[in-house]
Novice: 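Structure incoming, see below.
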Amino acid sequence: MASTETPSTVISPEERPYVVFGYGSLIFKPPPHVVKETPGFLKGYVRRFAQKSHDHRGTPENPGRVVTLVHKEDWDHVSGSDPFPDENVVWGVAHTIDPAYAAEVRDYLDYREKDGYTLEEIDIYGLEGGHEKVVIPKAYCYVGRPDNPSFIGSEPIDELAERIWHSVGPSGPNKEYLYRLAEAVRRLAPESHDSHLFELETRCRDLDEKAGGNSVSSSDTR
């Protein structure tokens, strides 16, 4: 996925642009007023389906599961033995927002990510000439920290797949979110592999087959 930019929008060099890094649904459903998209990755984090979703892919009574970022050392502390390799990195998309709409988009994202997410600043890395380098310093990113009430932590992969496969919320089936995210991450870069994400996708596809190949419809929301 190449970096794309709207030619008519010019950001002055002295003005710090509002850049939001998407690692979940913001990859396949970006915010409005994006003028540039830059694929990149994070260092020192893992992406896990460790956040309850009460308002998008589940309900308060039966919450689904969506991804959050967790500092690697925090995840090691709360997860016990995680079977997925340490060399996986979190790929996503940095969305540069038109400065004229920065406040509007911030309000939109604050509402969209209201279920336990906190805004943090994170350096975005890219590969240039085969070498890693920071391509966007201090981009904004919504993170579900381990101390937020919707953080569920590590669950056995079979139980997690079952939960995702069965859960449905106002934004549609939980498994649709999983499938769309897996597809989007594959398209980002040849290096954009995520063992946890793809293992969950495989297990939910297996459940589809056992149930007779149930498909999911596309959704316009998170």
Novice: Using 30° and 60° as the class limits, which term best fits the ring planes of Tyr45 and His71: parallel, tilted or perpendicular?
Specialist: tilted

Novice: Could you walk me through whether Val20 and Arg106 pass the side-chain contact (heavy atoms from CB on, under 4.5 Å) test, one step at a time?
Specialist: CA-CA 9 Å; Val20 180; Arg106 188 187 297 270; over 6 Å; no

Novice: Given the rule that I, L, V, M, F, W and Y join up when any side-chain heavy atoms are under 4.5 Å apart, are Ile152 and Ile157 in one cluster?
Specialist: no

Novice: Check this for me: does any side-chain nitrogen of one of Lys72 and Asp76 sit under 4.0 Å from a carboxylate oxygen of the other?
Specialist: yes

Novice: Got a sec, which pairs hit salt bridge (Lys or Arg N to Asp or Glu O under 4.0 Å) with one end in residues 156-174, sequence neighbours left out?
Specialist: Asp158-Arg203

Novice: Could you give the distance from OH (Tyr177) to OG (Ser53), rounded to the nearest 0.5 Å?
Specialist: 8.0 Å

Novice: How long is the span from the CD1 atom in Ile97 to the CD atom in Glu104, to the nearest 0.5 Å?
Specialist: 10.0 Å

Novice: For the residue pair Asp110 / Tyr117, report whether a side-chain donor-acceptor contact shorter than 3.5 Å exists.
Specialist: no

Novice: Between the side chain of Arg48 and the main-chain N/O of Thr68, is any donor-acceptor distance below 3.5 Å?
Specialist: no

Novice: If you compare all heavy atoms of Ile164 against all heavy atoms of Arg65, which two are closest, and at what distance to 0.1 Å?
Specialist: CG1-CB, 4.0 Å

Novice: Is Arg186 salt-bridged to Glu201, going by a charged N under 4.0 Å from an acidic O?
Specialist: yes

Novice: Is it true that the NZ or CZ of Arg205 lies under 6.0 Å from the centre of Tyr179's six-membered ring and within 45 degrees of the ring axis?
Specialist: yes

Novice: Which heavy atom of Leu178 sits nearest to which heavy atom of Leu200, and what is that distance?
Specialist: CD2-O, 3.6 Å

Novice: With a 4.5 Å heavy-atom cut-off, do Leu69 and Cys141 have their side chains touching?
Specialist: yes

Novice: Between Lys175 and Leu207, is there a side-chain heavy-atom distance shorter than 4.5 Å?
Specialist: no

Novice: Do Trp75 and Ser154 come close enough that some side-chain heavy atom pair is under 4.5 Å?
Specialist: yes

Novice: Set out, in order, the CA-CA distance, both residues' side-chain angles and the distance that settles side-chain contact (heavy atoms from CB on, under 4.5 Å) for Asp208 and Asp206, then state yes or no.
Specialist: CA-CA 5 Å; Asp208 281 343; Asp206 288 344; over 6 Å; no

Novice: Which heavy-atom pair separates Val168 from Thr59 by the least distance, and what is that distance?
Specialist: O-CG2, 3.9 Å

Novice: So, for Gln51 and Gly144, which heavy atoms are closest and what is the spacing to 0.1 Å?
Specialist: OE1-CA, 4.0 Å

Novice: Give me each pair satisfying ring-ring contact (aromatic ring centres under 6.0 Å, His included) with a member in residues 90-111, each pair once, sequence neighbours excluded.
Specialist: His33-Tyr101, Phe41-Trp91

Novice: Apply side-chain contact (heavy atoms from CB on, under 4.5 Å) to Lys114 and Asp55, showing your working.
Specialist: CA-CA 9 Å; Lys114 67 183 183 298; Asp55 56 348; 3.1 Å; yes

Novice: Any heavy-atom pair between the side chains of Tyr142 and Thr118 that's under 4.5 Å?
Specialist: no

Novice: State, to 0.1 Å, how close Val34 and Pro31 come at their nearest heavy-atom pair, and which atoms those are.
Specialist: CG2-O, 3.2 Å

Novice: Quick one: pull up CZ in Arg187 and OG in Ser192 and give me the separation to the nearest 0.5 Å.
Specialist: 10.0 Å

Novice: On a heavy-atom basis, which atom in Pro17 and which in Thr96 lie closest, and how many Å separate them?
Specialist: CB-CG2, 4.0 Å

Novice: Answer yes or no: is there a side-chain heavy-atom contact under 4.5 Å between Phe151 and Val70?
Specialist: yes

Novice: Could you list the donor-acceptor pairs under 3.5 angstrom formed by side chains in residues 120-135, with sequence neighbours left out?
Specialist:
residue	atom	partner	partner atom	Å
Glu120	OE2	Arg145	NE	2.7
Glu120	OE2	Arg145	NH2	3.2
Glu121	OE2	Arg16	NH1	3.3
Glu121	OE2	Arg16	NH2	3.3
Asp123	OD1	Lys138	N	2.9
Glu132	OE1	Lys43	NZ	2.8

Novice: Taking Ser25 as the fixed residue, which of His56, Arg112, Glu113 is the one that meets the side chain to side chain donor-acceptor pair (under 3.5 Å) rule?
Specialist: Arg112

Novice: Can Ile27 and Leu188 be said to form a side-chain contact (heavy atoms from CB on, under 4.5 Å), step by step?
Specialist: CA-CA 9 Å; Ile27 301 177; Leu188 289 178; 4.3 Å; yes

Novice: Could you tell me whether the side chain of Leu181 reaches within less than 4.5 Å of the side chain of Phe28, counting heavy atoms only?
Specialist: yes

Novice: Could you tell me if the side chain of Leu197 sits less than 4.5 Å from the side chain of Phe49, heavy atoms only?
Specialist: yes

Novice: Any side-chain heavy-atom pair from Glu37 and Pro30 closer than 4.5 angstrom?
Specialist: yes

Novice: Is the Tyr140-Tyr18 ring centre distance short of 6.0 angstrom?
Specialist: yes

